[in-house]
Structure formats: C-alpha cells, structure tokens
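Written below as structure tokens is the structure these notes are about.
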Amino acid sequence: MNYFPMFFDLSGQKVLVVGGGEVAFRKISLLMRTGALITVVAPEILAQLHKMAHANAAAQIQLNLQIRKFISDDLNQVRLVIVATADRDLNRSIAKLAEERAIPVNVVDDLKASRFIVPALIDRDPVLVAISTGGASPVLARRLRERLEALIPQRFGPLAVWLQELRKSSGERLPSTAVRRRFFETIIDGASASRFIEGDKQGARRIAQELLEATLASLGETTVHPTTVGSVMLVGAGPGDPELLTLKALRALQDADVIFYDRLVPAGILDLARRDASRVCVGKASGGPSTTQDSITALLIRHAQQGERVVRLKGGDPFIFGRGGEELEALAAAKINFSVVPGITAALGCAAYAGIPLTHRDHAQSVSFVTGHADRQGKEPDWRALAMPGTTAVFYMGLARLEHIVERLLAHGAPPSRAAGLISQGTTEQQRVITATLAGIGAAAALAQLESPGLLIVGDVVALYKSLKWFTR
Ligand code: SAH
C-alpha cells in the first residue's frame, strides 16, 4: 500500500494554502467545510475567494487572505499545506520546506512532490466515500466515483444523522449490545431506512417506532426471534428499455427479498435484482390465464407480514392502467407499509422513442391516456372529447379493439384525415411504428401484423413522426 487512508479532523487547525486561482479555490471550498483555520498566500487572488472571505462572520474568522508572495515563516504552526500555484518549481521548493519541517504537504497535480494526496470523493456528509488509485489513474478514480454516485442515495448523509439521533433516543432503551445491533440492522436493511431515503421521514420514524415497540415487547420472551416490519414497494419498471428504470426502482430491486412481477415487465430488468431475491411471475397475458387479483394481493400481504421486503413490479407506471391503486387499497386495509416508485409509462416511452411529441404548441394543447378495454361495467370514454381538434389521445390495450376505437372517434366528429400511429414493443430493439390517417390505420395495422404490446396514438402530432423519428434499428 503506497498510502495510508485516513480522515483528518481539521477543526480549529491552521492550514496553509499557497496559490489563489481556480485550483486553490476548489480545495479551499472543501477545507472551509472542515472548520480549519485557512491562510491563503498568493500575490493574486480570485474574486470568488475575496467574496468567500467577506461572506459572513464565521468565514472571516476561518479564511485569512494574504496578498503577497510566500515566505517560509508562513509554515509556522501549520498542520497541513496545500500548494497550488501555477509555477511548478516554486511548488516544489515550498513542498521541500514543508517536508523539512515534517508538515504534510500536497502539491496539486504533482504526485512526486506530495506527501499526501486528496481522494476523489462521494460526498454524503457525514458519510464520505474516498477513492484513490494511488495516483495511478485519476480518470479511473473518477469513473468509479460516477458509478458509486449513482448507487449511493442522496439522503445517505441525513440518514446517518438520523441513525445517530435514534441511537441516543432508542438505543438506551434496548438492554444489550446484541439486541441493539439487531435493531439497527433491521432499521437499516428494512423499510424504515428505505422510507427515509425516499424522503418520507415521518414514515421512517413511524416504522422505527413500531419496530422498537415490537422489540421491547419481545424481550421478555425466552426465544428471541428477529422482529422485522415488512413492506411492499409498488415499482414501475418502465416501458421496455431497461435503461429507463429510475435509480429508485433499481435500488428497490437490489434490496428486495421477493419480487412479484407482471408479464409486461421488460426483459433484462429482473437481471438487475439482488441475486438472492425470489422472483414470482403473477402475470397476466391479456385474456390468457393469470393469477387472480385477489390472490396477488393476498400474496403481497402474506410476504410483507412475514417481514420481507416485497417489490411489486409492474410494466410502465403502476398507477397508469396497472391496477396499482387497487392493490394499495388492499394493502392499506391490511395495515401493510407501502410506498410507490413511479415508472415511465408506455405513452411517454413510446412517444419519445417514436419522435411523436404528445403536446405541441401548434398541434395539441392536451393529451389523454385512455384504455382501449371497456371496463367491467362496460364504461366508455368520452369519445366526443377525444375526437376534438387540438388534443392527442393515447390508447392503451387498444390493438385488439382498434376498429371499434376508430369507428367511435369518426362517429364523434374526428376527421378521417387525422393522423394516427401504432407503436408496438416501444423503446425496445423490436420497436415498430406505423402511421396513417385515422381512416387508414386499421388496414395499415392489418398489413403490418404488429406484435403486442401496442399503443395507439391519435392526433395531429403523429404527423411529426416523419421528420422527428430518430430511433431506428
Ligand atoms: N402500467 C403500464 C400499462 C399497462 S396496460 C404503463 O404505464 O405503461 C398494458 C398496455 O400498455 C399494453 O396493452 C400497451 O397498450 C401498453 N404498453 C405497455 N408497454 C408497451 C410498449 N413497450 N410498447 C407499446 N405499448 C406498450
């Protein structure tokens, strides 16, 4: 190991920065957050640094600007030196002086002259992930940083602060180290922390409280069984392209104990789940055999009650023709904790990948998402509104009832010449798009023999496809 990794408490410590340009500015910005007492020495100093030094009383104590050349006495009582002038020889001579006095020195972009180096940082203060390649490849360190950035939730810092508070308030009510550790593992691995990370602090606190009470209640029992609070995350998987998954959805998949997914969930997405998660298909081919809605909700409830982290994964967005609302109603009635992660719904995905803007100042002032299926009571959409000019109508589950939809729109005053498009297997490599007039779309569809799933878009915006299409295989 070339370097010893450590985190240095600099609060109230004298730090010298030689140099007053951009590079120095970046280092000083970071140093300011540590509470170090910083002296900057440079004949010329960036305006931003002047501003920073005059910003507030605290900054004025912390940041001392010396507009002059470096002298060796600047090193007196200094804990740490950062050298960042544009003059390499000067940098090295200052580094040498620091070395003679055994003061740790970093010369920016000069590994050889540096005693310590500053890592690439993933900043979730107070959680810090520092990356170093020992100077071998800063680009590699940056790439690694980018990957970890995406993986570590933004609210990881506040989560750590909350856990610290929780340790004070609840920790002392739990009698032994073993029980405490188990309690915090359950919080961090379970619904409570994921709630917090999603931004629902109250939900997180409530679940933690439930867990604390359950843990305290189980203390008297002779066999200690782990107390967990299960939860269900209703997650949208997007329309097809796995890259359209949200970061939250990805995290849910990586945290899940069990995943119940629909047939429509895009291929490749389940591969992103935690390897140990069990995957259960409860899907539904339109008209084909399927698990009934009641038995799906019963499954979700049972697994959550066993303390598992359940992911209910649906194609597109769970609240758009996904029965997400119905499933949540059942969970709410059973008092199961749940949360929802939206997904890119088929209308948005297909429209984007087909180059059909759903609204456009010249062509469409509104857009409707409509089911092509009549519901259980045979309720029909408001055909007159959908046939109006200046609107875009997107029909889900419309392939099988295409003729009926076209006939209804025409009967309610839509002109036969209005543009219409069908997108099948949108956003995937198999995507196909056909466009025609409303009157002609039926014949065009019959000719093209599109595979399901397919989406119908009716409106003047569809004509833009010819000039805006970009996703071609
Ligand atoms: N919750 C889903 C929709 C479920 S209904 C969502 O938000 O997207 C199923 C219908 O969605 C299909 O019949 C089809 O009309 C549409 N659909 C879903 N994925 C699609 C895709 N990749 N391409 C075209 N249509 C799609």
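Small disclaimer: the values here were computed from a predicted structure and weren't measured. Start at 1 and go down the list; that is how both ligands and their atoms are numbered.
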Task: Sub-4.0 Å atoms of ligand 1 with respect to non-hydrogen atoms of Ile320 - done: 1 (N), 2 (C), 3 (C), 6 (C), 7 (O)
Task: From Leu300, Asp255, Ile259, residue fulfilling side chain to side chain contact (heavy atoms under 4.5 Å, CB included) relative to Val311 - done: Ile259
Open item on the list: Between ligand 1 and Pro239, is the shortest N or O to N or O distance under 3.5 Å?
Closed with: yes
TODO: Flag Gly426 as yes when one of its N or O atoms lies below 3.5 Å from any N or O atom of ligand 1, and as no otherwise.
DONE: yes
- [ ] Report yes if some N/O of Asp317 lies less than 3.5 Å from some N/O of ligand 1; otherwise report no.
- [x] yes
- [ ] Record the part of Cys350 in heavy-atom contact with ligand 1 below 4.0 Å; permitted values are side chain, backbone, both and neither.
- [x] side chain
Open item on the list: Pair Thr292, Asp294 - check side chain to side chain donor-acceptor pair (under 3.5 Å), show working.
Closed with: CA-CA 5 Å; Thr292 65; Asp294 285 348; 5.7 Å; no
Task: Atoms of ligand 1, numbered as shown, that sit under 4.0 Å from any heavy atom of Ala346 - done: 6 (C), 7 (O), 8 (O), 16 (C), 17 (N), 18 (C), 19 (N), 20 (C), 26 (C)
Task: Nitrogen or oxygen atoms of Gly315 and ligand 1 under 3.5 Å apart - done: yes
- [ ] Can you sort out which atoms of ligand 1 are near Pro453, meaning under 4.0 Å from one of its heavy atoms?
- [x] 12 (C), 14 (C), 17 (N), 19 (N), 20 (C), 21 (C), 23 (N), 24 (C), 25 (N), 26 (C)
TODO: Return yes or no for this condition: an N or O of Gly240 is under 3.5 Å from an N or O of ligand 1.
DONE: no
Open item on the list: What I want to check is whether the side chains of Asn337 and Arg206 have a donor and an acceptor closer together than 3.5 Å.
Closed with: yes
